[in-house]
Number of protein chains: 2
Amino acid sequence: MSAQASAQSSEQSAAEKPLRADAQRNRDKILDAARAAFRERGAACSLDEIAKRAGVGAGTLYRHFPTRDDLIDAVMRDWAERIQADCQAVVDSDLPPRMALTEWFNRFVENVGIYQGAAAKLMSAMDDPASPIYRKCQVLVAANTTVLDSVRAKGALRDGVDAREVMRLVSGVASVADSSRLAPAEAAPMLAIILDGILEPDRP
Amino acid sequence: MSAQASAQSSEQSAAEKPLRADAQRNRDKILDAARAAFRERGAACSLDEIAKRAGVGAGTLYRHFPTRDDLIDAVMRDWAERIQADCQAVVDSDLPPRMALTEWFNRFVENVGIYQGAAAKLMSAMDDPASPIYRKCQVLVAANTTVLDSVRAKGALRDGVDAREVMRLVSGVASVADSSRLAPAEAAPMLAIILDGILEPDRP
DNA sequence: ACCTGAACACCGTTCAAGT
DNA sequence: ACCTGAACACCGTTCAAGT
């Protein structure tokens, strides 16, 4: 069972008071069950089913995660780290601008597409500070800004290209890919258009 | 009441056997109620509430519209006509390419954004022939192709730009605008990027 | 301090009984 | 031929009772 792997490294946010041992165990079981359920049935899957899979009462799930978005947020934790790692890798790689952005956008769409409905969740949280996922969006915006700035420093970006707008556009592509059930690679033509739209046209 | 307007011009698709008078009246009442409810609460609003608003039994709603998508499809009827009209207007206008496409994309996003969740519905129906909304998507794809072809004829489009991909991209923008609750005008920067991505860069 | 699961509310969907 | 609304199933959410 994959339950073991993450049950060992008790998943908890850095600066929070420690949970009682049994509570921590339940929290981990819920997260494992949620990850599996989201993967199979998408982010709209029944919370009751997740509780049952995790072998806990429904109330326990709600105690740990008052809303569905809180649960999604927790499940997204490792996922945000992966994106930050990708960002760093691309910036360090020193690839030519177009290749760097192609790589970055592709990974972005791939990462955002882990669960059906995850892309849509992200989009609606992006401008909603009240959403539990809002912070995760900030991380994405920051990573995207970092990558774009590194390309801008090479003079490859058109004037007036705003990282926020690019982020929205790419999220839109991720969402299209998600709801049309496109393979990640099938998003490439759309991403290519965006690239042509933000990169300085080849100069003689 | 706005109910009167559309109750007079009994809304029925061209080639279908006529309904009994009372059935036709109920159908119209349901559509009016659905339009109002979708506008207020979005495309995910309770069907039961729509039936109540329309003053019919729940079963009557299901008799006329077996699935939620069938109802959405019917509500979208006049909406698709509006898009086709916009398409024709833009093609006939003989505006310079960039202005023509700006106009077209803006209207597209505006039209698709009538109801919360409508854009998402469209996206997922685009590649799903089994969906009742699929036909409506075909209309949109056709209109979009017409506009793009008219611009291509002027040599303003980059080589290899596919109408289908552009349609997907713009739907994605509409979806972002929808779920982030952006005003239609706020989609302009994203649309500008797409324009730069598909138009031939200015030549000296 | 935390867990359980019965109980409630809400919504989609069906279908027997009615006109 | 069509309509009604009670009935059922399913899901989210709460909370009294338990450890």
Side-chain angles (χ1 to χ4, degrees), chain A residues 3 7 10-13 16-34 36-38 40-75 115-117 121 131-132, chain B residues 3 7 10-13 16-34 36-38 40-75 115-117 121 131-132:
Chain A
S10 71
E11 313 189 40
Q12 222 198 317
S13 69
E16 265 169 35
K17 62 165 189 252
L19 294 172
R20 218 171 64 179
D22 56 340
Q24 180 64 54
R25 217 174 311 131
N26 278 335
R27 210 189 112 98
D28 291 343
K29 282 196 290 185
I30 291 168
L31 283 177
D32 278 329
F38 285 167
E40 292 166 28
R41 305 207 202 284
C45 116
S46 158
L47 295 183
D48 191 58
E49 190 192 314
I50 292 177
K52 281 218 179 71
R53 280 203 199 208
V56 303
T60 303
L61 192 153
Y62 282 91
R63 159 172 282 268
H64 287 290
F65 308 102
T67 72
R68 165 177 250 110
D69 280 1
D70 285 309
L71 180 56
I72 293 179
D73 178 65
V75 163
Y115 310 124
Q116 283 171 37
K121 281 282 173 197
S131 165
Chain B
S10 72
E11 315 190 37
Q12 224 200 313
S13 68
E16 266 169 36
K17 63 161 185 255
L19 293 173
R20 218 170 63 178
D22 56 341
Q24 180 64 53
R25 216 174 312 133
N26 278 336
R27 209 188 114 99
D28 291 343
K29 283 195 290 184
I30 292 170
L31 282 177
D32 278 329
F38 285 167
E40 291 165 29
R41 305 208 203 282
C45 117
S46 157
L47 295 182
D48 191 58
E49 190 191 315
I50 293 177
K52 281 216 180 69
R53 279 205 200 205
V56 303
T60 303
L61 193 154
Y62 282 91
R63 160 171 283 268
H64 286 290
F65 307 103
T67 74
R68 165 176 251 110
D69 280 1
D70 285 310
L71 180 56
I72 293 179
D73 179 65
V75 163
Y115 310 125
Q116 283 170 37
K121 279 282 173 195
S131 164

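Just so it is clear: chains get the letters A, B, ... in the order the sequence lines come, proteins before strands, and each one is counted from 1.
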Give the minimum heavy-atom separation between A/R27 and A/A74, together with the two atoms involved.
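Smallest interatomic distance, heavy atoms only, reads NH2-CB, 4.5 Å.
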
Figure out the [atom1]/[atom2] separation between [X] and [N], and round it to whole Å.
X     : N      : atom1 : atom2 : answer
A/R63 : C/dG5  : CZ    : C1'   : 15 Å
B/R27 : D/dC3  : CZ    : P     : 12 Å
B/I50 : C/dC10 : CD1   : C1'   : 16 Å
A/Q24 : C/dA1  : CD    : P     : 17 Å
B/K52 : D/dA6  : NZ    : P     : 10 Å
A/K29 : C/dC2  : NZ    : P     : 15 Å
A/R25 : C/dT4  : CZ    : C1'   : 16 Å

OP1 or OP2 of C/dC2 under 4.0 Å from side-chain N/O of A/N26
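Answer no for this pair, as no side-chain N or O of A/N26 is under 4.0 Å from OP1 or OP2.
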
D/dC2, OP1 or OP2 - any side-chain N/O from B/H64 closer than 4.0 Å?
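Checking D/dC2 against B/H64, no side-chain N or O comes under 4.0 Å of OP1 or OP2.
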
Quick check: does any side chain N or O of B/D70 sit under 3.5 Å from a backbone N or O of B/T67, one acting as donor and the other as acceptor?
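Yes; judged by distance alone, with no hydrogens or angles, the pair exists.
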
With both pairing distances under 3.5 angstrom for Watson-Crick or G-U wobble, and | for a partner in another strand, the correct string for DNA chain C is ||.|||||...|||||.||

Taking atom [atom1] of [X] and atom [atom2] of [Y], what is their separation to the nearest 0.5 Å?
X      : Y     : atom1 : atom2 : result
B/K121 : B/I72 : NZ    : CD1   : 4.5 Å
A/I50  : A/R68 : CD1   : CZ    : 7.0 Å
A/L31  : A/L61 : CG    : CG    : 9.0 Å
B/E40  : B/E49 : CD    : CD    : 8.0 Å
B/Q24  : B/D28 : CD    : CG    : 4.5 Å

In the 5'-to-3' direction, what one-character label does each nucleotide of nucleotides 12-19 of chain C receive under the scheme B = base within less than 4.0 Å of a protein heavy atom, S = sugar-phosphate only, - = no such atom?
SBBB----

Side chains of A/Y115 and A/V75: closer than 4.5 Å at any heavy-atom pair?
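A/Y115 vs A/V75: side chains touch.
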
When you look at CZ of B/R41, are more than 12 heavy atoms from neighbouring residues, nucleotides or ligands closer to it than 6.0 Å?
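Check fails, neighbour count at 12 or below.
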
